[in-house]
Amino acid sequence: QVQLVESGGGLVQAGGSLRLSCAASLRTFSTYTMGWFRQAPGKEREFVAAITWSGGSRYYADSVKGRFTISRDNSKNTVYLQMNSLKPEDTAVYYCAAPNVRHSGVLLTTAQYDYWGQGTQVTVSS
């Protein structure tokens, strides 16, 4: 049973920063592309960022490019999302996700991921 556990969410003022973490129980974590998504109230879940299994490629939604950074520590089975210059429109529940296919390339849609965490709330006040 794969488990993904997010942490690090909270309430922050606009312009502030937060770092989200996602601990994965995947046995061969280093062989899986990982992704971050978010879902605001009344909206569909949307792609935020992804990092390939090797860490060699990172992809971002246009709305967060230049402000968010995805990274991974394979020794800790953890993927991170550093969020800087936060805006009220970044308010959402943030989810970490993993596919059930190893050594995959870029994965940008919810349909391409099979395992999801419970989510962590990020609220940015103006």
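Values in this document were obtained by computation on a predicted structure and should not be read as measured data.
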K.L.:
What residues, two or more places apart in sequence or in another chain, satisfy salt bridge (Lys or Arg N to Asp or Glu O under 4.0 Å) together with K65?
P.N.:
D62
K.L.:
Just to verify, what does S75 make a side-chain hydrogen bond (donor to acceptor under 3.5 Å, both in side chains) with, not counting sequence neighbours?
P.N.:
D73
K.L.:
When S71 is tested against each of M34, R19, R58 for side chain to side chain contact (heavy atoms under 4.5 Å, CB included), which residue passes?
P.N.:
R58
K.L.:
Can you hop from L86 to V93 via hydrophobic side chains spaced under 4.5 Å?
P.N.:
no
K.L.:
To the nearest 0.5 Å, what is the distance between CG (L4) and CD (Q118)?
P.N.:
9.0 Å
K.L.:
Could you list who else is in V5's hydrophobic cluster, with ILVMFWY side chains joined at under 4.5 Å, directly or through other members?
P.N.:
none
K.L.:
So which atom in A92 and which in A40 form the shortest heavy-atom distance, rounded to 0.1 Å?
P.N.:
CB-N, 3.8 Å
K.L.:
Determine, using the 4.5 Å side-chain heavy-atom cutoff (strictly less than), whether L26 and L20 are members of one ILVMFWY cluster.
P.N.:
yes
K.L.:
Test: disulfide bond (SG atoms under 2.5 Å apart). Region: residues 37-68. Which pairs qualify, not counting sequence neighbours?
P.N.:
none
K.L.:
So does Q39 get a backbone contact from the side chain of R45, meaning a donor-acceptor N/O pair under 3.5 Å?
P.N.:
no
K.L.:
Quick one: list whatever passes side chain to side chain contact (heavy atoms under 4.5 Å, CB included) with S7, sequence neighbours left out.
P.N.:
S21
K.L.:
I need the full list of disulfide bond (SG atoms under 2.5 Å apart) pairs touching residues 20-101, with sequence neighbours left out, sorted by first then second residue.
P.N.:
C22-C96
K.L.:
Verify, without hydrogens or angle tests, whether D114 (side chain) and A98 (backbone) share a donor-acceptor contact under 3.5 angstrom.
P.N.:
no
K.L.:
Check whether R67 reaches the backbone of S85 with its side chain - one donor and one acceptor, N or O, closer than 3.5 Å.
P.N.:
yes
K.L.:
Listed by chain and number, what are the side chain to side chain contact (heavy atoms under 4.5 Å, CB included) partners of E89, not counting sequence neighbours?
P.N.:
K87
K.L.:
Quickly, which of T123, L18, T91, V122 forms a side chain to side chain contact (heavy atoms under 4.5 Å, CB included) with L11? Name it, please.
P.N.:
T123
K.L.:
Given the ring of Y32, does R27 sit roughly above its face, with NZ or CZ under 6.0 Å from the centre of the six-membered ring and within 45° of the axis?
P.N.:
no
K.L.:
When rounded to the nearest 0.5 angstrom, what distance separates CG in L107 from CD in Q112?
P.N.:
4.5 Å
K.L.:
Write out all pairs satisfying side-chain hydrogen bond (donor to acceptor under 3.5 Å, both in side chains) with one or both partners inside residues 93-102, taking only residues at least two apart or from two chains.
P.N.:
T31-R102, R38-Y94
K.L.:
Please lay out, stage by stage, how T69 and L81 fare under the test side-chain contact (heavy atoms from CB on, under 4.5 Å).
P.N.:
CA-CA 6 Å; T69 302; L81 185 68; over 6 Å; no
K.L.:
Determine, step by step, whether V106 and L108 satisfy the side-chain contact (heavy atoms from CB on, under 4.5 Å) criterion, reporting the C-alpha distance in whole Å, the side-chain angles of both residues, the deciding distance to 0.1 Å, and the verdict.
P.N.:
CA-CA 6 Å; V106 178; L108 304 179; 3.2 Å; yes
K.L.:
Show which side-chain atoms of residues 48-57 pair as donor or acceptor with protein atoms under 3.5 Å away, not counting sequence neighbours.
P.N.:
unit_1	atom_1	unit_2	atom_2	d
T52	OG1	S57	N	3.1
T52	OG1	S57	O	3.3
S54	OG	G56	N	3.1

K.L.:
Do Y115 and Q3 make a side-chain contact, defined as non-hydrogen atoms from C-beta onward lying under 4.5 Å apart?
P.N.:
no
K.L.:
For F37, check ring pair (Phe, Tyr, Trp, His ring centres under 6.0 Å) against everything at least two apart and list the hits.
P.N.:
F47, Y113, W116
K.L.:
Can you list the residues that meet the side chain to side chain contact (heavy atoms under 4.5 Å, CB included) rule with A23, with sequence neighbours excluded?
P.N.:
T78
K.L.:
Enumerate the ring-ring contact (aromatic ring centres under 6.0 Å, His included) contacts for residues 60-82, please, sequence neighbours excluded, ordered by first and then second residue.
P.N.:
none
